[in-house]
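Ligands are counted one by one from 1 in listed order, and the atoms in each one are counted from 1 as well. Numbers here are sequence positions counted from 1.
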Amino acid sequence: MRTQVLIIGGGPSGLLLGQHLSNAGIETIVLERKTKDYVLGRIRAGVLEIGTVSQLRDVGAGARMDAEGMVHDGAVISYGDAQIRIDFAAHADAAVMIYGQTEMTKDLYDTREQTGGAIIYDVDGVEIHDAKTSAPYVTYQKDGTEHRIDCDYIAGCDGFHGVSRQTIPMDVRKEYEKVYPFGWLGILSETPPVHHELIYASSDIGFGLCSMRNENLSRYYIQCSIDDHPDNWSDGAFWDALKRRLPQEHADVLITGPSIEKSIAPLRSFVCEPMQWGRLFLCGDAAHIVPPTGAKGLNTAASDVFYLADALRRLYRDGDKTGVETYSERALSRVWKAERFSWWMTSLLHQFPDQTGFDHRMQQAEVAFLQSNVNAQKVLAQNYVGLPY
Ligand code: RFL
Ligand code: PHB
């Protein structure tokens with residue numbers, strides 16, 4: 001088999017890239033290790049930046065998001081007794097879209113199926129060969145048989161645990177990492193959201209986040225210990241812990257109910273440089289991870305895709321190699337800014353096990369500055385809705 005761009009990974013990065021390229025008449029095949037149902041069963045991000053929203057519209061996968069997504073033009077930061085509403089409309093002249101990653105991925109699958117794009121599910125043992133030559137190829141197993149696909153370029157969209165990043169030799173690759181000493185316990189419940197906007201709440205017993213998927217589906221998180229397990233948390237214990245982290249006026253009106261999903265995510269900042277090696281390009285979680293505070297994971301994946309799709313279109317259409325040659329530099333420049341923002345939000349709002357009195361005072365001073373300084377609110381708003389591509 002042969003294709004122009006072989007995409008490893010059928011998560012949001014791989015599917016969005018595939019759609020950009022198919023729409024430009026560039027042939028692609030997506031290889032996915034899991035089944036479609038498995039990919040669609042993962043509950044992850046919920047906030048789409050303006051750039052992610054416009055890309056979904058541009059590739060023709062934005063109709064359901066526009067009909068069902070919720071436009072938010074602000075969010076609340078609460079810290080102890082302080083409550084600060086960050087006005088995205090006033091400070092960044094923009095809004096974010098609340099639309100689950102699961103829904104976005106489903107829309108991208110549907111669009112790919114309607115436009116006849118190839119996806120091969122359930123593949124095993126994917127290996128990348130000759131990425132430094134002009135004739136790279138990928139081998140994999142499916143149903144016990146070995147297969148080979150030759151291609152011009154390979155997009156590694158296979159997430160943090162994929163093979164693509166590992167293919168780049170260690171003497172070329174530099175990795176930067178920070179592991180946070182806590183996780184997030186998240187639940188999904190068929191209850192109305194406690195507030196019409198997201199609440200990021202820092203309290204002396206830890207962080208809590210109130211998010212949502214629609215008017216009757218809420219997503220809540222609490223900071224938990226890194227070695228905790230969802231089975232240690234009854235629904236009742238979760239709701240009690242969340243209420244204790246929220247401002248009283250919100251805790252008083254929180255509607256609770258049975259959880260329909262409960263899981264723990266570890267918090268990590270990670271960047272791999274470079275994001276390109278010969279004809280292999282990394283996109284999304286394959287190259288970088290952010291802690292979820294600030295909702296940048298999926299959105300940073302989408303900005304990588306924007307740069308790579310632009311580069312490959314220019315190459316195939318005009319023979320212009322500039323985009324592919326500068327992809328890593330362009331993508332990383334934006335990635336590091338999202339890393340900074342997510343690290344800052346995480347550091348500001350969580351209780352750290354080894355936090356000193358001085359560290360606590362620094363958080364308080366930062367919050368007081370944010371509360372009183374419109375420029376600080378502007379910086380937060382502009383980062384939250386997404387920096388320009
Ligand atoms: P994904 O979504 O991990 O998709 C990668 C796809 O590649 C497949 N794959 C392979 N396929 C073929 N061969 C191989 N060898 C393969 N290895 C892996 C996988 O099955 C998968 O389908 O990466 P992508 O597309 O780059 O998208 C990135 C986003 O998914 C990610 O940034 C966010 O979901 C991060 N994230 C969150 N971000 C937020 O902004 N807000 C959140 O609340 C939030 N919650 C989360 C998250 C990530 C989590 N993970 C990864 C553990 C919660 C969790 C639990
Ligand atoms: C979510 O809705 O899952 C969500 C929202 C905002 C975040 C992280 C997660 O910062």
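Residue-ligand proximity, Ala295 to ligand 2, at heavy-atom distances under 4.0 Å covers atoms 6 (C), 7 (C), 10 (O). Proximity to Ala295 (heavy-atom distance under 4.0 Å) selects the following atoms of ligand 1: 40 (O). For ligand 2, the atoms closer than 4.0 angstrom to any heavy atom of Arg213 are 1 (C), 2 (O), 3 (O). Ligand 2 places these atoms under 4.0 Å from at least one heavy atom of Arg44: 3 (O). Short contacts between ligand 1 and Gly159, defined as distances under 4.0 Å to a heavy atom of the residue, involve ligand atoms 3 (O), 5 (C), 23 (O). Here is the list of ligand 1 atoms found below 4.0 Å of a heavy atom in Leu31: 11 (N), 12 (C). Within ligand 1, the atoms closer than 4.0 Å to a non-hydrogen atom of Ile8 are 12 (C), 13 (N), numbered from 1 in the order shown. Each of the atoms 10 (O) of ligand 2 lies under 4.0 Å from some heavy atom of Gly294. Near Lys296, the atoms of ligand 1 lying under 4.0 angstrom from a non-hydrogen atom of the residue are 40 (O). The ligand atoms of ligand 1 that sit less than 4.0 angstrom from a heavy atom of Gly162 are 17 (N). When each atom of ligand 2 is checked for a heavy atom of Arg219 under 4.0 Å away, the hits are 3 (O). Of all atoms in ligand 1, listed by their number and element, those nearer than 4.0 Å to a heavy atom of Lys34 are 20 (O). Annotation for ligand 2: atoms under 4.0 Å from non-hydrogen atoms of Val47 are 5 (C), 6 (C). Listed by number with element, the atoms of ligand 1 under 4.0 Å from a non-hydrogen atom of Val39 are 22 (O).
Among all non-hydrogen protein atoms, the one lying nearest atom 24 (P) of ligand 1 is Ser13 OG, 3.2 Å. Ser211 OG, 2.6 Å is the protein heavy atom nearest to atom 2 (O) of ligand 2. Shortest contact from atom 13 (N) of ligand 1 to any protein heavy atom: Val126 CG2, 3.5 Å. Scanning the protein heavy atoms around atom 40 (O) of ligand 1, the nearest turns out to be Gly297 N, 3.2 Å. Arg33 N, 3.4 Å is the protein heavy atom nearest to atom 12 (C) of ligand 1. Protein heavy atom in closest approach to atom 55 (C) of ligand 1: Ala265 CB, 4.0 Å. For atom 15 (N) of ligand 1, the closest non-hydrogen atom on the protein side is Val163 CG1, 3.9 Å. Closest protein heavy atom to atom 8 (C) of ligand 2: Pro292 O, 3.4 Å. Counting protein heavy atoms only, atom 27 (O) of ligand 1 is closest to Pro12 CG, 3.5 Å. Among protein heavy atoms, atom 18 (C) of ligand 1 sits closest to Asp158 O, 3.1 Å.
In this model, no donor atom of one side chain and acceptor atom of the other lie less than 3.5 Å apart for Thr145 and Asp143. No hydrogens or angles considered: a donor-acceptor pair under 3.5 Å links the side chains of Asp107 and Tyr99. Side chains of Arg42 and Ser263: no donor on one and acceptor on the other come within 3.5 Å. Between His20 and Gln55, the side chains place a donor N or O and an acceptor N or O closer than 3.5 Å (distance only, hydrogens not considered). Side-chain atoms of Asp252 and Gln248 form a donor-acceptor pair, as typed in the model, at a separation below 3.5 Å. Gln114 and Asp110 are not linked by any side-chain donor-acceptor pair at a separation below 3.5 angstrom, with hydrogens and angles left out of the test.
Side chain of Asp304 to main chain of Gly284: a donor-acceptor pair is present (N/O by atom type, distance under 3.5 Å, no hydrogens or angles). Side chain of Asp73 to backbone of Ala89: no donor-acceptor contact under 3.5 angstrom is found.
Seen from the ring of Phe238, Lys243 does not count as a face-on cation partner, given the 6.0 Å and 45° thresholds. Relative to the six-membered ring of Phe160, Arg165 meets both conditions, a distance below 6.0 Å and an angle of at most 45° to the axis. For the pair Lys174 and Tyr176, the cation-pi criterion (under 6.0 Å, within 45° of the ring axis) is fulfilled. With Tyr180 as the aromatic partner, Lys178 meets the cation-pi criteria of under 6.0 angstrom to the ring centre and within 45 degrees of the ring axis.
Remark: ligand 2 and Ala45 share no N or O pair separated by less than 3.5 Å (distance only, no angle test). Distances between N or O atoms of Gly284 and those of ligand 1 include no value under 3.5 Å. On a distance-only criterion, Arg44 and ligand 1 share at least one N/O pair closer than 3.5 Å. For the pair Tyr200 and ligand 2, the shortest N or O to N or O distance falls below 3.5 Å.
By heavy-atom distance, the residue among Cys157, Ala287, Gly186, Gly14 lying nearest atom 5 (C) of ligand 1 is Cys157. With atom 37 (C) of ligand 1 as the reference point, the heavy atom nearest to it among Gly11, Gly9, Ala45 is part of Ala45. By heavy-atom distance, the residue among Tyr220, Tyr221, Trp184 lying nearest atom 4 (C) of ligand 2 is Tyr221. Counting heavy atoms only, Gln101 comes closest to atom 34 (O) of ligand 1 of the residues Arg42, Glu32, Gln101.
At a 4.0 Å heavy-atom cut-off, ligand 1 touches Tyr221 through the side chain alone. Counting heavy atoms under 4.0 Å from ligand 1, residue Asp285 touches it through both backbone and side chain. Under 4.0 angstrom from ligand 2, the non-hydrogen atoms of Leu198 all belong to its side chain.
Ring geometry for Tyr221 versus Trp184: interplanar angle of 30 to 60°, hence tilted. Taking the six-membered ring where the residue is Trp, Phe341 and Tyr384 present perpendicular rings, their angle passing 60° and hence far from 30°.
Legend: residues meeting side chain to side chain contact (heavy atoms under 4.5 Å, CB included) with Cys151, ordered by chain and number and at least two apart, are Thr3, Leu6, Pro136, Ile154.
With salt bridges taken as basic N to acidic carboxylate O contacts below 4.0 Å, one links Arg334 and Glu49.
With Tyr327 as the fixed residue, the ring pair (Phe, Tyr, Trp, His ring centres under 6.0 Å) test singles out one of Phe281, Trp277, Tyr307, Tyr153: Phe281.
Proximity of the aromatic rings of Tyr79 and Tyr200 is defined here by a centroid distance below 6.0 angstrom, and this criterion is not met.
No more than 12 heavy atoms of other residues, nucleotides or ligands sit less than 6.0 Å from atom CZ of Arg244.
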